[in-house]
Amino acid sequence: METLPLYMDSGVVTGPSNAGNTSSSSREEESASSAVRLRSAHADDVSSRESALVRPGERISFATYFNAFPASYWRRWTNLKEVRLSVTTAGAGTVSVYKSNARGSLQHVETTRVSGDEVTTTYTLSLAPFGDGGWYWFEVTAGADQMEFVGARWETDAPRRLTGSVTVEITTLNKTDFCVNNLRILSENPDALAAVKEIIVVDQGTQKVAEAEGFEEVAGVLGSKLRMINQDNLGGSGGFARGMYEAVENGSDYVLLLDDDVVVEPESIVRLSTFADYCKKPTLVGGHMFDLHDRNVLHTLGEIVDPYLIGPSEPNASQKMRHNFAQSNLRDTAWMHRRVDVDYNGWWMCLIPTEVIREIGLSLPVFIKWDDSEYGVRAKSAGYHTVSLPGSAVWHVSWIDKDDLVGWQAYFHSRNRFIYALLHSPYPRGGGLIENALKLDLKHTISMQYYTAQGRIEAMRDLLRGPSILHDILPTKLPAIRAMAGDYTETKFKPSVDDFPDVKITKLPRRGKRASVPSIVTIAPWLAKNILRQVVLPANEVSKEHPQALVPHEDNKWWRMSQYDSAVVSNAEGSAASWYQRDPRAVRELMKESAVVYSEVLRKWPELRAQYRAALQEITSFEAWKKTFDAHSGQD
């Protein structure tokens, strides 16, 4: 019920629709408005994962994320010249084939009348027109009586570059329910495991998957294909590097990296490995991420790294994040028809050829954050591209339900972002990175997020120590960063805002106005005045005993929080809150430390860049990682 719009639409509605058309392009507006709008499919007509009933006079459409054919991706990255579509039906009706171009214009290709039991209709479709974008799809319409859509296949007789074997690797930390569920999904879909040599779970937690309820049952079905590896918590990079290492050791052609808190669409494994087999050269092939709690919402169609600011960015200006397919499906969304070429794919689901791993090494030893983007860019610089392939995906907990830029993860975000820049930035001294980092430190500091600001400063201090420490601190840095939290009030959470003293307002807002974002004209004097207040003026005495406001997480913005002397703030999950309290002494110290450490990084940038680039091959080598694995592995 929840995900049906990702698989099929049904029931023609007369009249055009502009749903999802957010582009200002008149051509896109015209193409989207001419599209036929379809209602959601009838869920009770679905008879299996591959078949459905079609009600009299109604149509089911496969212009959907999981069932349309991403022709431009096959055109660009493989040697295929054409594809064959075979559609099997039972009963009287029609089968219609459509295509689109990169602008989202929809074009009818061919319609065939069908009747009789188990009739297969075949179309040979050229990939020539899809240089910049476009999809194929088909629709089945019943006549006066009900008919059945039995199934369909996209096929080719072209030779594969290879028929590769896959090691599926899941890195987990105390996500036993997710892991057992995904193992169960794989065990119930043997077709998805046809090319799978081994499924490896790298368990880095204290709650062991092998001891979880239901594990023995799925392990019995998977048999010798399943292997559990226990090791200390070396972070995502340590777990994924272990999967890469083991896939090379067992002779697999690919390793498929999966995050632990996902729900996998098993067909995606077949699609990723098949696409990789047909690619012109070894290629990293990734799946997309849908929101686990709002399952028709796509995180993004693809990402690149902004080379100047060193942050994730979208390849196309018209591309939108968090697209909801239940509100606007593929045929209604013009920008989605343009092919997206990426720098990397998130390691929630990414297939990597072991040939690439043998050449460029394993993941950076950076615990979490930036390991996937750095690896994709490193592979690209060696001549191996990444493709984020539509129709292949997992459902993952959304970033909206996390706030990983605040708290202990801020250390890893900051340090690893700078490591990436030292390795790959084309700009002298990292372009706008240091300026941006200083601004972020200032925002956290005047927002009373002192723990976060201190963690970011510690990140720069460790950056200055050089790359030789990265393997050594993999298992120790997280406990050290978390131990710092006890010194800060904003890290001490309680379940309810009622667990804190009552709110007392000591200063009314001027003319009753609420805090707002300063304009580009007023930002400089506003910020100067605010910083002076933060540094010089003591906090109101009443605010030390009573918070001045209750702030929902959505309103936890630097320009608002900097106006308070104290406030109780909800966390991202909405499950707890903590008390932010202004401390002028902490502000002064943090601003001073931040200025000093970034000045040192800026001064030493050429030296650091040379150090990290010279060390890259060694710290990502099989030998360096094996030493780390051996020191931190338990019994499998």
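Numbers here simply count residues along the sequence, with the first being 1.
Atom OG1 in Thr274 sits 5.0 Å away from atom CZ in Arg160 (nearest 0.5 Å). In this structure, the separation between CE on Met448 and OH on Tyr580 is 8.0 Å, given to the nearest 0.5 Å.
Here the rule is side chain to side chain contact (heavy atoms under 4.5 Å, CB included) with Gln204, and of Asn174, Thr171, Asn230 only Thr171 fits it. When each of Leu422, Leu433, Val305 is paired with Arg417, the side chain to side chain contact (heavy atoms under 4.5 Å, CB included) condition holds for Leu433 and for no other. With His396 as the partner, the side chain to side chain contact (heavy atoms under 4.5 Å, CB included) test is satisfied by one option alone out of Asp261, Leu292, Leu258: Asp261.
Side chain of Glu169 to backbone of Val255: no donor-acceptor contact under 3.5 angstrom is found. Checking side-chain atoms of Tyr278 against main-chain N and O of Ser273 turns up no donor-acceptor pair under 3.5 Å. Lys197 contributes a side-chain N or O that, together with a main-chain N or O of Asn250, makes up a donor-acceptor pair within less than 3.5 Å. Side chain of Asp260 to backbone of Leu173: a donor-acceptor contact under 3.5 angstrom is found. A donor-acceptor contact shorter than 3.5 Å links the side chain of Trp395 to the backbone of Arg295. Judged by distance alone, the side chain of Tyr73 and the main-chain N or O of Phe275 form no donor-acceptor pair under 3.5 Å. Using modelled atom types, no side-chain atom of Tyr254 and backbone atom of Pro353 make a donor-acceptor pair closer than 3.5 Å.
Under a cutoff of 6.0 Å and an axis angle of 45°, Arg429 and Trp605 do not form a cation-pi pair. Geometric assessment of Lys494 against the ring of Phe500 yields a positive cation-pi assignment under the 6.0 Å and 45° thresholds.
Looking at Lys208 and Phe215, their side chains never come closer than 4.5 Å, going by heavy atoms from C-beta outward. Annotation: side chain of Tyr375 is not in contact with side chain of Thr620 (no heavy-atom distance under 4.5 Å). Side chains of Val366 and Phe412 form no contact here, defined as non-hydrogen atoms less than 4.5 Å apart. Contact annotation: the side chain of Arg465 approaches that of Asp462 to within less than 4.5 Å [non-hydrogen atoms, C-beta and beyond]. Between Glu213 and Thr176 the shortest side-chain heavy-atom distance does not fall below 4.5 Å.
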Q: Could you go through the salt bridge (charged side-chain N to carboxylate O under 4.0 Å, His left out) check for Arg49 and Glu265 one step at a time?
A: CA-CA 11 Å; Arg49 273 180 61 83; Glu265 164 54 80; 2.6 Å; yes
Q: Check the pair Thr300, Gln319 against side-chain hydrogen bond (donor to acceptor under 3.5 Å, both in side chains), reporting the backbone distance first and the verdict last.
A: CA-CA 8 Å; Thr300 182; Gln319 188 177 329; 3.0 Å; yes
Q: Please report the C-alpha distance between His471 and Trp625 in whole Å, then the side-chain angles of each, then the deciding distance to 0.1 Å, and finally whether the ring-ring contact (aromatic ring centres under 6.0 Å, His included) criterion is met.
A: CA-CA 8 Å; His471 274 278; Trp625 271 110; 4.8 Å; yes
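For NZ of Lys626, the number of neighbouring non-hydrogen atoms (other residues, nucleotides, ligands) closer than 6.0 Å is 12 at most. More than 12 non-hydrogen atoms from other residues, nucleotides or ligands lie less than 6.0 angstrom from CD of Glu249. Environment of CG in Asp177: sparse, with no more than 12 heavy atoms of neighbouring residues, nucleotides or ligands closer than 6.0 Å.
Summarising the geometry of Pro282 relative to Val356, their closest heavy-atom pair is CB-CG2, 4.1 Å, with the distance given to 0.1 Å. For Asn571 against Phe493, the heavy-atom pair with the smallest separation is CB-CE2, 3.8 Å. Across every non-hydrogen atom of Arg161 and Ala276, the tightest pair is NH2-O, 3.0 Å. When all heavy atoms are compared, the tightest approach of Phe66 to Ala393 is CZ-CB, 4.1 Å.
Aromatic rings from Tyr245 and Phe622 are positioned such that their centres are separated by under 6.0 Å.
The aromatic rings of Phe290 and Phe325 lie tilted to each other, with the angle between the two planes from 30° to 60°. Ring orientation note: the planes of His385 and Trp77 are tilted relative to one another, at an angle of 30° to 60°. Between Trp370 and Tyr420, the ring-plane angle classifies as tilted under the 30° and 60° cut-offs. The aromatic rings of Tyr598 and Phe418 lie tilted to each other, with the angle between the two planes from 30° to 60°.
Between Arg461 and Glu593, at least one side-chain nitrogen of the basic residue sits less than 4.0 Å from a carboxylate oxygen of the acidic one, meeting the salt-bridge criterion. A salt bridge does not link Asp259 to Lys175: none of the charged nitrogens lies less than 4.0 Å from a carboxylate oxygen. The existence of a salt bridge linking Lys627 and Asp630 is excluded, since no basic side-chain nitrogen approaches an acidic carboxylate oxygen closer than 4.0 Å.
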